[in-house]
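Shown next, in structure tokens, is the structure this report addresses.
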Amino acid sequence: REDPTVNRLEEKAAEMLGKEAALFVPSGTMANQVALKTHCVAGDEIIVGNDSHVFLFEGGAAAVISGVTLNLRNVRRGLLDVDDVASAVRPHDVHAPVTRLVWIENTHNRGGGAVYPVARVAALSGFARSKGLGLHMDGARLFNAVAATGTSAAEYASHCDSVTFCLSKGLGCPVGSLIAGSADFIKRAM
């Protein structure tokens with residue numbers, strides 16, 4: 001919170017996503033891992049598509065950094081739906097990881113740029129909340145989804161507890177990503 005330019009960037013990102021606060025970090029992978037660690041504790045699990053960036057391209061960081069298990073769902077073009085998540089939520093059992101978070105990627109890189117319809121994000125959010133789960137959007141390419149659908153970034157983000165996005169994915173910056181969420185979430189992320 002010492003650099004006025006970074007502070008303004010974080011404020012602008014939070015404003016664009018309709019969130020209370022945001023945090024600048026050097027990379028998308030770092031943003032995802034900070035968000036994951038902020039949501040979860042060791043022994044938790046997240047429900048995520050089997051072709052997701054957090055699984056395929058982040059070097060096992062969820063397990064190494066946070067001690068989190070990825071409950072992989074085999075989904076078409078990377079897009080989870082409520083049935084995928086419902087079948088993955090574990091009942092509370094001392095022998096199993098605690099299901100803590102649903103993780104979506106928008107647009108979906110390995111899914112050929114598949115875009116989540118905002119209605120599906122809203123349905124996932126409603127279901128996650130009904131089960132006491134968080135919803136995170138790896139929005140590395142969120143602004144591609146905005147351009148493709150005309151749905152605002154704030155509308156997408158309104159259904160998620162946290163959102164990450166890359167400044168280098170379609171926004172013309174050489175480096176950097178942001179994590180956005182509630183003020184308390186970002187304070188814990190710092």
Side-chain angles (χ1 to χ4, degrees), residues 1-41 44 46-48 52-54 58 61-62 65-66 68 80 85 98-107 115-147 149-173 175-190:
R1 301 290 184 219
E2 296 173 359
D3 185 304
T5 304
V6 172
N7 291 344
R8 181 61 192 126
L9 174 64
E10 292 171 343
E11 292 166 4
K12 180 69 174 171
E15 179 184 310
M16 290 174 66
L17 295 176
K19 296 295 186 191
E20 293 177 338
L23 176 65
F24 174 78
V25 295
S27 74
T29 294
M30 185 177 195
N32 281 343
Q33 292 306 312
V34 168
L36 191 150
K37 188 153 183 74
T38 305
H39 279 290
C40 299
V41 298
D44 286 350
I46 66 171
I47 299 168
V48 62
S52 64
H53 193 276
V54 72
E58 296 186 10
I65 296 170
S66 298
V68 171
L80 292 168
V85 174
V98 175
T99 305
R100 183 76 57 202
L101 185 66
V102 177
W103 188 280
I104 62 176
E105 184 177 329
N106 196 20
T107 63
V115 176
Y116 268 96
V118 73
R120 187 182 287 191
V121 177
L124 285 165
S125 177
F127 180 80
R129 287 189 171 98
S130 78
K131 297 295 183 182
L133 306 175
L135 177 63
H136 172 77
M137 179 184 292
D138 171 353
R141 295 164 185 81
L142 174 59
F143 291 92
N144 292 356
V146 168
T149 65
T151 302
S152 71
E155 175 64 19
Y156 273 117
S158 71
H159 303 289
C160 302
D161 297 292
S162 59
V163 177
T164 57
F165 71 91
C166 293
L167 297 171
S168 60
K169 304 287 194 304
L171 297 178
C173 297
V175 69
S177 291
L178 287 123
I179 309 159
S182 69
D184 179 62
F185 181 82
I186 297 302
K187 183 178 180 181
R188 288 184 288 118
M190 296 172 63

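Counting only heavy atoms from C-beta outward, the side chains of Val102 and Phe127 never approach each other to under 4.5 Å. Using a 4.5 Å cut-off on side-chain heavy atoms (C-beta onward), Lys169 and Leu142 make no contact. Annotation: side chain of Asn32 is in contact with side chain of His136 (closest heavy-atom distance under 4.5 Å). Counting heavy atoms from C-beta on, the side chains of Met30 and Gln33 never come closer than 4.5 Å. His53 has its side chain out of reach of Val48: every pair of non-hydrogen atoms, C-beta onward, lies at least 4.5 Å apart.
For the side chain to side chain contact (heavy atoms under 4.5 Å, CB included) with Leu135, the lone residue among Ile104, Leu101, Val85 that qualifies is Ile104. Residue Asn7 is tested with Glu2, Lys12, Arg1 for a side chain to side chain contact (heavy atoms under 4.5 Å, CB included); the sole match is Arg1.
The shortest non-hydrogen separation linking Cys40 to Val68 is CB-CG2, 3.7 Å. For the residue pair Ser177 and Ala31, the shortest heavy atom distance occurs at CB-CB, 3.9 Å. Taking both residues in full, the closest heavy atoms of Gly139 and Phe165 are given as O-CB, 3.1 Å, listed atom of the first, atom of the second, then distance. What you find for Gly181 and Phe185 is that their closest heavy atoms are CA-CD2, 4.4 Å. When all heavy atoms of Thr107 and Ala145 are compared, the pair lying nearest together is CG2-N, 3.6 Å. Heavy-atom minimum distance, Ile179 versus Ala35: CG2-CB, 4.3 Å.
With hydrogens and angles ignored, the 3.5 Å screen pairs a side-chain donor or acceptor of Thr38 with a backbone N or O of Val34. Counting only distance, with no hydrogens or angles, the side chain of Thr149 and the backbone of Thr151 share a donor-acceptor pair below 3.5 Å. At distances below 3.5 Å, at least one donor-acceptor pair connects side-chain atoms of Asn106 with backbone N or O atoms of Tyr116.
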Does the side chain to side chain contact (heavy atoms under 4.5 Å, CB included) test come out yes or no for Thr5 and Phe24, once each step is laid out?
CA-CA 11 Å; Thr5 304; Phe24 174 78; over 6 Å; no
Begin from the C-alpha positions of Trp103 and His39 and carry the test side chain to side chain contact (heavy atoms under 4.5 Å, CB included) through to its verdict.
CA-CA 11 Å; Trp103 188 280; His39 279 290; 5.8 Å; no
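For the atom pair CG of Leu9 and CG of Leu167, the computed distance is 6.0 Å after rounding to the nearest 0.5 Å. Remark: Asp138 CG to Glu58 CD distance equals 6.5 Å, nearest 0.5 Å. Note that CZ of Arg141 is 8.5 Å distant from OG of Ser168, once rounded to the nearest 0.5 Å. The line from CG of Leu23 to CZ of Arg188 is 12.5 Å long, rounded to the nearest 0.5 Å. A distance of 11.5 Å separates CG in Leu133 from CD1 in Ile46, rounded to the nearest 0.5 Å.
Applying the ring-ring contact (aromatic ring centres under 6.0 Å, His included) test to His159 and every residue at least two apart in sequence or in another chain returns nothing.
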